[in-house]
Amino acid sequence: MTGGLFLWLMMLQLNDDKQRVLDATDLVRLIGDHIALRAKGREYVGLCPFHDDHSPSMFVVPHKQIYHCFSCGAGGNALSFVMNFHKMAFREALEYLAQRGGVKLTPWRPAGRSGAEASGDAEETAGNERCELLSANLTAFDFYRAILRHPEHGRAARDVIERRAISPEMVEQFGLGAAPEKWDGLALTIAHKQLPVGPFVNGGLLKAREGGSGLYDALRNRLVFPIHDQIGRVIGYGGRRLNDEDEPKYINSPESAVFDKSTTLYGLHQAAQEIRRTRLAIVTEGYMDTIACHQAGVKNAVATLGTALTPGNARVLRRLCDTVVLLFDGDEAGRRAADRAVEVFFAVPIDLKIAMLAGATDAKDPDELLKREGGAAVLQQIIQRAADPMTVLFRRVRASLEGQGLSAQTRLVDEFLARLVDLGLKPVDGEMRYQLIVKRLASITGVAWEAIADNISRRAAQRRARATGPAGSGPAAETARPTLGTPEHLLACVLCEPSLLLSLDEGAAWLADRCAESSPLSGTVAAAAARVLQDGGTPGLREVLVALEDPASQRLATGLAAEVERLTEAKPDRVAAHWRDRLASLRRELSEPRHAAPPAESGEGGGEGGAGEDGWSVNDEPEWATLERLRSLRRRLGDDPAAVPRPLTG
């Protein structure tokens, strides 16, 4: 079998697999498992996960099996969503959706491919850093689980599980494991399996000894908590000491290509469905508290990873729910949490509340409370009484002002306003939250709200001036709508109404060439449409997305179709009229001669005015335009040289 024939058969097989996987995938359910969606006519809308979306701008179109964000331009089909959201390589995303949809992929052997093809496949599988890290984490997961079941090495961890009354169901649901009291338990297992140690070092599972003489286990003699991403892949670990003399009490994996602490929440994989259902997320202070909540039936609980709730955490939760309750142990913890939570309160438009155990129970944490008779009911009452961070801070301000003189009150109010501005409070015209804060401050302090508003505006302007860098130094904003030249308009019309391509006298390849001349990415999309047509398919958006693998080209295709649908209100007759108008424009552009160029400095390459021998301006005409002009003349005038027009002379 020749290499070309093998590649052709391989692509047919791959596209068939892609189509079967996409046909088996409910796009609304897939995206709805990651963000909250609401119906809007025939479509669904939600907060776009690919930018900091403050109002729903992502549309999911079930009958076309595509999604598109009208704010940042993200778009594509189920495969591109999984690849972009979870940073998966193409093959990994295909296998994930196949497993999810119960589709058995066609086995194939990569032997006999060219080096370039093998290199491309390696980037999507074993050679991909993320795949290697995930594989290393999975190996460690199996190791820690096996140690927990070991009669000797897992005894101490099982004793802790028994003392904390963690049920076998929770041990299984959260995948708890144990690290043995050895320096090289995992390291020896890796060596025995002859696995590369690089991914284990990069993932923080192994560490280099001082002086570089070998590696040792990062987690030793600890109860192990696997940290999953939203679809259940193990991306990191937490370890709780089994010996009270060991420090620190908890250890977390370092950040890696698959593990970002600022956007990861422990238990989100287990809690996401209940969070979407209740539109409420409860954030606890630790792994044990989250597991205790789930065991007691409070299944919308998650935990931060040793840090306060970050704006990144809040944005992840906001795509799933409306309200986040931070559950803290006592008064002091609550006060510190309120200070940290205010920044998130200002940064992310979500209802953020703080619930404290102190005052409602003498239990030191939710884990202890939920193991008591009636503890779950008490916890629900505490959550219902949760207050937003600003209310907690206002109480502290009111308490600090009591009994103070005028000068002290002025200083305290000024310091408090400065702190709020530093945390992110800024004047926004018509923004209800800002107005309520200012008026609340005025009622507490006795200062006119206009004076408080002026103080905040002045401080915010000063802070903005300090933060402003050189002009143009920040990242360029991503444009929501693609820039459409005439070829892109035609391509977009085809994606909306594929039958239009059949009316093109020059053929699909001609349009692909024109798009390639406009931009390489447009050419890729148009070439895919031409291939679909050549293979007997219908080159609509859904079919073209199947033929494309590059997320950037998929995003462009979706954006092009969305833009022309916007211009034509998605009415077939208006799309057809738009096609005819743009096609006529392109043909005129290709057939009309260029204007004369400015006189050249020398007489070479054409006479006065930069004209060639036939009088046509050629100095700045691209080669492709010259060829296209000549082809157009031949089509109109035939092969008779006498029929070719000559320039007028005076």
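Hydrogens, waters and symmetry mates play no part in the numbers below; they use all other heavy atoms, side chains included. Here the structure is a predicted model, which means the values were calculated and not measured.
Side chains of Asn313 and Thr310: a donor-acceptor N/O pair is present below 3.5 angstrom, by distance only. At a cut-off of 3.5 Å, with distance as the only test, a side-chain donor of Glu488 or Ser522 sits close to an acceptor on the other residue.
With contacts defined as side-chain heavy-atom distances shorter than 4.5 Å, the pair Gln380/Val298 qualifies. With a 4.5 Å cut-off on side-chain heavy atoms, Leu280 and Cys321 do not count as touching. Taking the side chain as every heavy atom from C-beta outward, Leu352 and Pro389 approach each other to under 4.5 Å. Considering only heavy atoms from C-beta on, Val45 comes within 4.5 Å of Arg38 through its side chain. When side chains are defined from C-beta on, Glu255 counts as touching Lys261, because their heavy atoms get closer than 4.5 Å. At least one side-chain heavy atom of Leu541 sits less than 4.5 Å from a side-chain heavy atom of Leu545. At a threshold of 4.5 Å between non-hydrogen side-chain atoms, the residues Met58 and Pro49 count as touching. Residues Gln65 and Asn77 have side chains not in contact (no heavy-atom distance under 4.5 Å, counting atoms from C-beta outward).
Considering CD1 of Ile31 and OH of Tyr44, their distance stands at 12.0 Å, rounded to 0.5 Å. With values rounded to the nearest 0.5 angstrom, Tyr266 atom OH is found 8.0 Å from His228 atom NE2. We find the CD1-CG distance between Ile35 and Leu30 to be 10.0 Å, quoted to the nearest 0.5 Å. Ile452 contributes atom CD1, which lies 12.5 Å from atom CZ of Arg440 (distance to the nearest 0.5 angstrom). The CZ atom of Arg396 sits 8.0 Å away from atom CZ of Phe416, with the distance rounded to the nearest 0.5 Å. Residue Leu417 holds its CG atom at 11.0 Å from CD1 of Ile437, rounded to the nearest 0.5 Å.
Phe70 and His68 have perpendicular rings, their planes meeting at more than 60° on a 0 to 90° scale where under 30° would count as parallel.
Shown here for Pro254 and Phe259, the closest heavy-atom pair between the two residues is O-CD2, 3.3 Å. Across all their heavy atoms, Ala376 and Leu370 have their closest contact at CA-CD2, 3.6 Å. The two residues Leu47 and Arg319 come nearest to each other via the heavy atoms O-CD, 3.9 Å. The shortest non-hydrogen separation linking Val224 to Pro226 is O-CD, 3.6 Å. Shown here for Ala98 and Val21, the closest heavy-atom pair between the two residues is CB-CG2, 3.9 Å. Taking each heavy atom of Cys48 and Ser57 in turn, the nearest pair found is CB-OG, 4.1 Å.
Ion pair Asp260/Lys87 not flagged as a salt bridge, since none of the NZ, NE, NH1 or NH2 atoms sits closer than 4.0 Å to an Asp/Glu carboxylate oxygen. Using a cutoff of 4.0 Å between basic side-chain nitrogens and carboxylate oxygens, Glu274 and Arg277 are scored as salt-bridged. Comment: Asp52 does not engage Arg318 in a salt bridge, judged by the lack of any side-chain N to carboxylate O separation of less than 4.0 angstrom.
Of the possible polar contacts, one joining the Tyr237 side chain to the Phe141 backbone as a donor-acceptor pair under 3.5 Å is found. A donor-acceptor pair is defined here as one N or O able to donate and one able to accept, closer than 3.5 Å; no such pair exists between the side chain of Asn300 and the backbone of Ala271. Checking side-chain atoms of Lys18 against main-chain N and O of Leu548 turns up a donor-acceptor pair under 3.5 Å. With hydrogens and angles ignored, the 3.5 Å screen pairs a side-chain donor or acceptor of Gln230 with a backbone N or O of Asp33. Checked by atom type and distance alone, the side chain of Thr538 never pairs as donor or acceptor with a backbone atom of Gly540 at under 3.5 Å. Within the 3.5 Å criterion, the main-chain N or O of Val302 finds a donor-acceptor partner in the side chain of Thr290. Although no hydrogens or angles enter the test, the distance criterion places no donor-acceptor pair under 3.5 Å between the side chain of Asp17 and the main chain of Leu105. Between the Gln270 side chain and the Gln173 main chain, a donor and an acceptor come within less than 3.5 Å of each other. A side-chain donor-acceptor contact under 3.5 Å links Asn137 to the backbone of Val234. Checked by atom type and distance alone, the side chain of Arg459 never pairs as donor or acceptor with a backbone atom of Leu420 at under 3.5 Å.
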Audit row: Ile231, His34, side-chain contact (heavy atoms from CB on, under 4.5 Å) steps and yes/no:
CA-CA 9 Å; Ile231 59 174; His34 297 78; 3.5 Å; yes
Can Val283 and Leu327 be said to form a side-chain contact (heavy atoms from CB on, under 4.5 Å), step by step?
CA-CA 6 Å; Val283 181; Leu327 184 58; over 6 Å; no
Is there a side-chain contact (heavy atoms from CB on, under 4.5 Å) between Asp351 and Asp388 once you walk through the steps?
CA-CA 8 Å; Asp351 284 339; Asp388 67 71; over 6 Å; no
Could you go through Thr278 and Lys299, starting from their C-alpha distance and side-chain angles, then the distance that decides it, and tell me whether this counts as side-chain contact (heavy atoms from CB on, under 4.5 Å)?
CA-CA 10 Å; Thr278 60; Lys299 298 183 180 299; over 6 Å; no
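In this structure, Arg29 places its CZ atom where only 12 or fewer heavy-atom neighbours from other residues, nucleotides or ligands lie under 6.0 Å away.
Aromatic rings of Tyr287 and Tyr250 (six-membered ring for Trp) have centroids within the 6.0 Å cut-off, being under it.
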